[in-house]
Amino acid sequence: MKSLITLVFLLQLGLVPALSQSTYKKVTKLMGCKFEISVVANSQTEADSYITAATEEIKRIEKMISSWNNDSETSLINKNAGIQPVRVSKELLLLIERALKISKLTDGAFDITYASVDKIWKFDGSMTQMPNPETIKHSVRNIDYKNIVIDHEKSTVYLKNKGMKIGFGAIGKGYAADKAKALLISIGAKAGIINASGDLCTWGTQPNGKNWMVAIVNPLNKQKVFSWMPVVNSAVVTSGNYENFVTFNDETYSHIIDPRTGYPAKGILSVSIFTPNAEIADALATSVFVMGTEAGLNLINQLNGIECIIIDSDNNILKSNHIQFDTVKNEKTNEENISN
Ligand code: ADP
Ligand code: MG
């Protein structure tokens with residue numbers, strides 16, 4: 001311990017050269033999206049071991065929450081909807097429980113049972129016409145988080161009605177980013193960024209001691225940065241309607257579903273949430289998208305330590321009470337900046 005203190009002291013005086021730390025970055029496809037894992041390390045070998053550990057952790061989570069994988073715990077819950085409770089890991093049970101808390105907080109705007117309509121709305125280019133209103137009406141009856149029954153003692157989850165389904169599209173990436181970050185910290189990685197296609201969390205600082213900075217971009221013109229913000233041991237998550245959508249009769253329908261109607265939510269282009277926890281940020285970004293600007297801002301302004309920026313469909317920029325915008329700087333302030 002003593003030698004560590006001495007070393008720090010000398011470093012501050014500049015008497016010995018600092019160990020040369022750099023940021024190492026790897027881009028991989030995980031959970032169906034682009035994950036960019038950046039870590040500060042002393043060597044490529046050290047960085048590689050961190051990045052491998054983070055990747056394994058994200059794959060593990062994907063295996064648990066994926067609805068494409070027929071054997072995942074999530075698929076088992078869905079297959080047994082209206083039939084029987086399914087025994088699951090404590091980890092998944094607790095994730096579902098936290099999702100239910102967000103549902104209560106947002107009065108059902110956030111609802112993992114939205115997934116009952118995911119066979120109707122497809123945003124992969126395969127949809128050729130507007131879904132039938134009757135089909136939507138029929139499926140929307142299965143959306144209701146109150147029909148998810150959790151039994152802690154038996155560690156089971158039960159969806160009460162046949163046809164019900166849960167999906168973690170709006171919370172899974174944030175959860176995975178938090179878990180990967182926690183794992184890296186636990187094995188000694190001093191700083192880094194986990195960026196899941198714009199849903200990101202950071203810890204520590206850049207090797208030069210400066211804060212990680214995130215660029216807030218206009219969703220319609222990603223080249224145009226309108227502000228840089230420091231992200232200090234925190235998360236920034238954006239939900240937007242500009243990547244996954246379909247167009248019918250000049251109307252755009254995005255992948256965020258209003259659980260009350262079964263139709264895609266309207267009125268907002270993007271929502272960015274700033275808060276320490278990426279999982280909460282992820283869930284709330286989706287929630288505000290559904291709630292709309294007024295109710296959304298109202299909710300965020302009541303929550304401590306959570307801020308948001310909304311761009312509505314008329315291109316207005318709205319902010320929660322404590323967001324401080326720097327004046328627009330168009331040039332990057334350092335090479336580690338991340339665009340969100
Ligand atoms: P992105 O995928 O762009 O990060 P979100 O975090 O908002 O955006 O997640 C959108 C996904 O969440 C949808 O593709 C769908 O899987 C799921 N989803 C859609 N509507 C809801 C909702 N009301 N509540 C919970 N999850 C939803
Ligand atoms: Mg989300």
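All values below come from the heavy atoms of this structure, side chains included, with hydrogens, waters and symmetry mates left out. We count residues from 1, following the sequence as given. Whatever order the structure lists them in is the order used to number ligands and atoms, beginning at 1.
Judged by distance alone, the side chains of N277 and T275 never bring a donor and an acceptor atom under 3.5 Å apart. There is a side-chain donor-acceptor pair under 3.5 Å between D48 and Q44.
Atom 4 (O) of ligand 1 has as its closest protein heavy atom K173 NZ, 3.0 Å. The single protein non-hydrogen atom nearest to atom 16 (O) of ligand 1 is Y114 OH, 2.6 Å, given as residue, atom name and distance. Among all protein heavy atoms, the one lying closest to atom 14 (O) of ligand 1 is H255 ND1, 2.9 Å. Residue, atom and distance of the protein heavy atom nearest to atom 6 (O) of ligand 1 are D282 OD1, 2.9 Å.
Remark: K266 qualifies as a cation-pi partner of Y253 under the 6.0 Å distance and 45° angle criteria applied to the six-membered ring.
The backbone of D111, and not its side chain, has at least one atom closer than 4.0 Å to an atom of ligand 1 (non-hydrogen atoms only; backbone = N, CA, C, O). With a heavy-atom cut-off of 4.0 Å, D199 touches ligand 1 through its side chain alone. Neither the backbone nor the side chain of S197 has a heavy atom within less than 4.0 Å of ligand 1.
Panel detail: the Mg ion (ligand 2) has protein N, O or S atoms under 2.8 Å away, 4 in number.
Shown here are the side-chain hydrogen bond (donor to acceptor under 3.5 Å, both in side chains) partners of S116, two or more places apart in sequence or in another chain: there are none.
Cluster annotation: F274 and I306 are assigned to distinct hydrophobic clusters (Ile/Leu/Val/Met/Phe/Trp/Tyr, side-chain heavy-atom contacts under 4.5 Å, transitive).
Looking at ligand 1, you'll find an N or O of I257 within less than 3.5 Å of one of its N or O atoms.
Within a 6.0 Å sphere centred on CZ of R260, other residues, nucleotides and ligands contribute 12 heavy atoms or fewer.
Atoms of ligand 1 found under 4.0 Å from any heavy atom of G169, numbered from 1 in the order shown, are 6 (O), 9 (O), 11 (C), 12 (O), 16 (O).
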